[in-house]
2 protein chains.
Amino acid sequence: MAKGAQTREAIVDTAVELAFRVGLGGLTIGELARAQQMSKSGLFAHFRSKEALQLAALARARETFVDLVVRPALTAPRGLPRIRELFERWLDCGRGGVPGGCLFVKAATEFDGQPGALRDQLAQDHQDLFDTIGQVCRSGVSVHQVRPDVDADQFAHDLYGVMLVFYLTHRLLADPAAETHARASFETLLDAVRTEAA
Amino acid sequence: MAKGAQTREAIVDTAVELAFRVGLGGLTIGELARAQQMSKSGLFAHFRSKEALQLAALARARETFVDLVVRPALTAPRGLPRIRELFERWLDCGRGGVPGGCLFVKAATEFDGQPGALRDQLAQDHQDLFDTIGQVCRSGVSVHQVRPDVDADQFAHDLYGVMLVFYLTHRLLADPAAETHARASFETLLDAVRTEAA
DNA sequence: ACAGCAACCGTACGATCGTGCGATTCTGTG
DNA sequence: CACAGAATCGCACGATCGTACGGTTGCTGT
């Protein structure tokens with residue numbers, strides 16, 4: 001009983017790694033089976049459709065991202081430290097090529113034009129992330145480190161933009177200045193929302 | 001002689017539209033032939049490999065983007081008007097679902113992990129766009145509307161981030177506030193670089 | 001108008017796709 | 001140790017993938 005779940009986990013892990021390179025759509029059961037050193041049918045039996053496999057990979061990526069980025073950030077002190085923690089860990093996630101948050105970005109642009117369960121889940125996840133960022137921003141207001149008149153949604157939007165362009169310049173262009181630029185953008189963003197006291 | 005080039009153009013146009021939905025990697029010769037109402041082999045003869053077809057589609061997307069966004073912006077007066085024109089036309093391009101600049105973003109995240117000619121071309125195109133934005137920014141300095149101490153590369157980076165998150169919120173989330181947020185981000189960006197005189 | 005060539009089609013190929021099914025091996029329990 | 005059920009495999013299926021080749025059509029330049 002434990003065995004099945006165990007291999008399933010291993011498969012999903014490999015699927016995330018593979019999808020991180022070729023996209024969720026480019027994911028192939030045959031190649032996945034080869035990478036996992038088992039038969040196509042044996043692998044396929046764990047999921048009962050390709051879409052289920054893709055959804056499982058997406059779920060795993062989400063959990064990884066939450067574990068590595070969101071949850072640790074939420075344990076940091078409210079206000080600027082928490083925002084900083086979120087940003088830094090997010091940056092780490094993209095820099096190290098950890099297939100977590102990265103897969104979201106890739107999948108998001110991949111499926112934004114194809115209705116279906118994948119797209120719906122993607123949209124939900126992104127909305128959740130936006131909400132989380134907004135929440136982190138608002139919690140900064142309660143400790144008087146963030147100005148009470150800032151638009152938290154707008155802040156979430158802007159921060160996400162910084163991360164998106166970081167991924168692009170880092171992964172596609174391999175621009176060594178990607179991180180420097182991202183940090184600069186982030187500090188500017190922070191300056192615009194923080195109180196004088198902070 | 002004109003006939004061949006004509007159908008080739010039509011094919012590429014359809015390819016761009018199709019790739020705009022399913023991605024450059026999801027592009028299929030069979031489906032493309034069906035959409036174009038001609039045989040697979042007849043279509044294939046125009047390109048001699050799938051990669052060539054993808055590169056052709058990418059080139060067409062680039063031309064469209066340059067025609068609709070870059071070139072018109074460069075005819076606007078130097079300084080803030082030119083920056084504004086670039087932004088507005090870019091926004092139009094994404095809002096209307098015009099498969100031009102949008103395809104770049106999709107393809108960029110799709111191929112950022114797969115070495116090859118596609119990836120190289122994508123990187124080149126994005127680098128060119130970054131350079132163009134930087135140039136537009138610098139030309140604003142010469143007419144004293146942009147502060148001479150601004151980092152043009154950083155500005156290009158930030159503007160690109162605004163566009164990326166706009167695409168995401170507009171296309172994936174179908175957020176009606178996407179444009180409002182993008183405009184707000186843009187104005188903040190502009191305020192940070194403009195001189196008091198402007 | 002006719003020769004020649006570009007454009008296009010039909011068909012075929014090996015490979016791989018996602019998905020089923022029956023048989024086999026493994027594993028945990030009484 | 002025997003047995004039940006889970007886990008995995010081998011094999012097959014129809015479809016579609018990218019690519020090739022030889023024949024047919026139709027346009028074009030002289």
Side-chain angles (χ1 to χ4, degrees), chain A residues 1-60 107 110-111 114-119 121, chain B residues 1-60 107 110-111 114-119 121:
Chain A
M1 169 155 66
K3 183 72 192 308
Q6 187 178 331
T7 45
R8 199 191 135 106
E9 295 243 324
I11 292 171
V12 174
D13 276 340
T14 310
V16 171
E17 275 177 43
L18 224 164
F20 175 55
R21 260 180 289 149
V22 301
L24 265 181
L27 205 56
T28 268
I29 295 180
E31 195 175 349
L32 189 52
R34 222 173 298 127
Q36 197 63 25
Q37 307 213 90
M38 61 186 296
S39 69
K40 257 203 328 178
S41 51
L43 188 149
F44 183 79
H46 284 271
F47 318 85
R48 287 146 50 96
S49 74
K50 187 185 178 180
E51 197 179 40
L53 167 64
Q54 291 170 317
L55 284 169
L58 191 58
R60 164 72 96 260
E110 202 178 347
F111 287 95
Q114 308 179 74
L118 258 298
R119 193 200 136 112
Q121 187 60 55
Chain B
M1 191 219 295
K3 182 71 190 306
Q6 188 178 331
T7 46
R8 199 191 134 106
E9 295 242 324
I11 293 172
V12 174
D13 276 339
T14 310
V16 171
E17 275 177 42
L18 224 164
F20 175 56
R21 262 181 287 149
V22 300
L24 266 181
L27 204 57
T28 267
I29 295 180
E31 195 176 348
L32 189 53
R34 222 173 298 126
Q36 198 63 24
Q37 307 213 88
M38 61 186 297
S39 69
K40 255 201 333 175
S41 52
L43 188 147
F44 183 79
H46 284 272
F47 317 86
R48 287 147 47 98
S49 74
K50 188 186 179 181
E51 198 179 39
L53 167 63
Q54 291 170 317
L55 284 169
L58 192 58
R60 164 70 97 260
E110 202 177 348
F111 287 94
Q114 308 179 71
L118 258 298
R119 191 200 138 111
Q121 187 61 54

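Each chain gets a letter, A, B and so on, in the order its sequence line appears, and its residues count up from 1.
The interatomic distance linking A:Leu43 (CG) with D:dC9 (P) rounds to 9 Å, in whole Å. Taking atom CZ of residue B:Arg34 and atom C1' of nucleotide D:dT16, one finds them 9 Å apart after rounding to whole Å. Atom pair A:Gln54:CD and C:dG18:C1' shows a separation of 11 Å (rounding to whole Å applied). Put simply, CE on A:Met38 is 14 Å from P on C:dC26, counting in whole angstrom units. Between A:Ile29 atom CD1 and D:dC9 atom P the separation is 14 Å, expressed in whole Å. Note: CD (A:Gln36) to P (D:dA7) measures 15 Å, nearest angstrom. When the P atom of C:dC26 is taken as reference, atom CD of A:Gln6 falls 16 Å away, rounded to whole Å. To the nearest angstrom, P of C:dT19 lies 10 Å from CG of A:Leu53.
Checking the phosphate oxygens (OP1, OP2) of D:dT8, a side-chain nitrogen or oxygen of A:Thr7 falls inside 4.0 Å. A:His46 has no side-chain polar atom (N or O) that falls below the 4.0 Å cut-off from OP1 or OP2 of D:dA6. In this structure, A:Ser49 does not reach the C:dT19 phosphate: none of its side-chain N or O atoms is under 4.0 Å from OP1 or OP2. Between B:Ser41 and C:dG10 there is no side-chain polar atom (N or O) within less than 4.0 angstrom of OP1 or OP2.
Take the nearest nucleotide of DNA chain C for B:Lys40 and for B:Gln37: the residue whose nucleotide is more 5' is B:Gln37. Annotation: of the two residues near DNA chain D, A:Ile11 and B:Glu31, the 5′-most nearest-nucleotide partner is A:Ile11.
Among all heavy-atom pairs drawn from A:Leu27 and A:Ala19, the shortest one is CD1-N, 3.8 Å. Closest approach of B:Ala52 to B:Ser49, counting heavy atoms only: N-OG, 3.1 Å. Of all heavy-atom pairs spanning B:Arg119 and B:Gln114, the tightest one is CB-O, 3.4 Å.
Backbone-only contact: B:Leu27 has heavy atoms under 4.0 Å from sugar-phosphate atoms and none from a base. Among the protein residues, A:Ala45 comes within range of the nucleic acid bases, having at least one heavy atom under 4.0 Å from a base atom.
For A:Ser39 against D:dG10, a side-chain-to-base donor-acceptor contact under 3.5 Å is absent. Within 3.5 Å, no donor on the side chain of B:Lys3 pairs with an acceptor on the base of D:dG26, nor the reverse.
Contact check for A:Gln54 versus A:Glu51: side-chain heavy atoms found under the 4.5 Å cut-off.
Between B:Met38 and the options B:Thr7, B:Ile11, B:Leu32, a side chain to side chain contact (heavy atoms under 4.5 Å, CB included) holds for only B:Ile11.
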